Structure formats: C-alpha cells, structure tokens
Amino acid sequence: GQQLNQSPQSMFIQEGEDVSMNCTSSSIFNTWLWYKQDPGEGPVLLIALYKAGELTSNGRLTAQFGITRKDSFLNISASIPSDVGIYFCAGPRRDFQGAQKLVFGQGTRLTINP
Amino acid sequence: NAGVTQTPKFQVLKTGQSMTLQCAQDMNHNSMYWYRQDPGMGLRLIYYSASEGTTDKGEVPNGYNVSRLNKREFSLRLESAAPSQTSVYFCASSPIRDEQYFGPGTRLTVT
C-alpha cells in the first residue's frame, strides 16, 4: 500500500547529540503525526501537526509541518538513552465513507551509544 | 483512563485453532482499528470500524473477522490460525480528529 518516505532508516548517535529525521510524500496531507515505538510496546503518539508551517514542541522534541504539506520533520535535542526506539511518521487519508485510515512511514530506528 | 487495552498479551496457537483477540477503549472514540506488525513490514491495517455498527476491510483482511460489539469494544477473530498469522497485533482507536491511539499489542505465535 501507499507509504510515506521516511529517512534515515536508522541512526547511530552518541548520547547528548541532536537528532533529525524527516518524512516526505508525493501527495498533500492535512495532518502529520509522529509516533515512537519502544521494543515490545505499541506506538505512542508524540506530536500531532494540523497546519502547514506549524512548529510544535513536546519537551525535547520539535516537529514541523512543511509549508508544501508534503513533508514533515522531527528533531530531538540532547538525546538520552530513553530516546532509543523506532520513530514513525503518519498521515491520515479518508475513504469514501469518511473513515480515517493512517498511512505510515517505514520508521527510523534510533540507537544511542552512551 | 486506561486508554486502549488488549487481551491477551501473549498467545501460542496450533495451526487450525481459533481465537479472539479483545480490544477495549475508554476514551469514547468513534473509530477503532486492528493492525498487524511483522519485522520489516511496518504496520498493516487488517480491519477497521469507522463507527459503532460498521466494519470495513483494510489492507490484509484474509483469514480474519471482526466484531464491533459496542462503542468501546472491537474484537478480532482468527477462525483457523495459520503460521503466516504469527505476528504482533495492535488495536487502535481514534476520535473525530486524525490521531490514532494504540494499545500495547498481542504477540501471537502459530505453530
């Protein structure tokens, strides 16, 4: 099925470094969502973006809704060990009945060396 | 609020056995979803329910059935389990806005 293009696929960084990842699409989204999944757990919603150009923060996390509405970015500042996990971007699509379904990126796996 | 809860957390089945995965949400959300997650495949939508009383097929519905029992509960049934259904299953719910909230998952192994 349709997927968002998320990059990088994996990152290996030192504790304390800043992290940047992005998600792009060939078509427009009206909402961008960023999730984090810890090993053995379900995805947890980190940030939701609803307006083109919007910049939203959640603690050390900052996400931006691209002006073209075809991309979004997630930054993590001063990484710590608990930031380890897989980060997914997602965008909603509505079917002919108005039901919302999410399109997901492939995920960015973040590994941190202490 | 407990959010989205799923039972059981782990299950092992033999090929041909049946079972029902349970999901409940206490957030008064209209829509509910079932996904499976396999290594390297990401999250794939099995079935969804846009509102109480409606269900629709997602990307990979074969071998599954669902029931939206009421607004809170959405169950996933495997009538005759196959090894290809070994996976981690996630339930999610969504309010009228676009976010989805996921449960902790059920790890299913079919031998």
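Computed from a prediction, not measured in an experiment: that's the story for all the values here. Every chain is numbered from 1 and lettered A, B, ... according to where its sequence line falls, protein lines coming before strand lines.
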Cluster check [X], [Y]: I/L/V/M/F/W/Y, side chain < 4.5 angstrom:
{"X": "M32(B)", "Y": "Y101(B)", "value": "no"}
{"X": "Y35(B)", "Y": "Y48(B)", "value": "yes"}
{"X": "V60(B)", "Y": "L76(B)", "value": "yes"}
{"X": "Y87(A)", "Y": "V84(A)", "value": "yes"}
{"X": "L78(B)", "Y": "V66(B)", "value": "yes"}

For [X], I'd like to know if atom [atom1] has over 12 heavy atoms of other residues, nucleotides or ligands within 6.0 Å.
{"X": "K9(B)", "atom1": "NZ", "result": "yes"}
{"X": "Q9(A)", "atom1": "CD", "result": "no"}
{"X": "R109(A)", "atom1": "CZ", "result": "no"}

Closest approach of [X] to [Y] (non-hydrogen atoms, all atoms of both residues):
{"X": "R107(B)", "Y": "G40(A)", "value": "NH2-CA, 3.2 Å"}
{"X": "L33(A)", "Y": "Q100(B)", "value": "CD1-N, 4.5 Å"}
{"X": "E41(A)", "Y": "F90(B)", "value": "O-CZ, 3.5 Å"}

Check for me whether the distance between the ring centres of F102(B) and F88(A) falls short of 6.0 Å. no
Go through the atoms of [X] and report whether side chain, backbone, both or neither lie under 4.5 Å from a heavy atom of chain A.
{"X": "Q37(B)", "result": "side chain"}
{"X": "S31(B)", "result": "neither"}
{"X": "L45(B)", "result": "side chain"}
{"X": "D56(B)", "result": "side chain"}

For chain B, which of N30(A), V44(A), L102(A) has the most heavy-atom pairs under 4.5 Å? L102(A)
Is there a donor in the side chain of E99(B) and an acceptor in the side chain of Y50(A), or the other way round, less than 3.5 Å apart? yes
By a 4.5 Å heavy-atom criterion (distance strictly below it), what part of Q100(A) contacts chain B: side chain, backbone, both, or neither?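 Both backbone and side chain of Q100(A) come within 4.5 Å of chain B.
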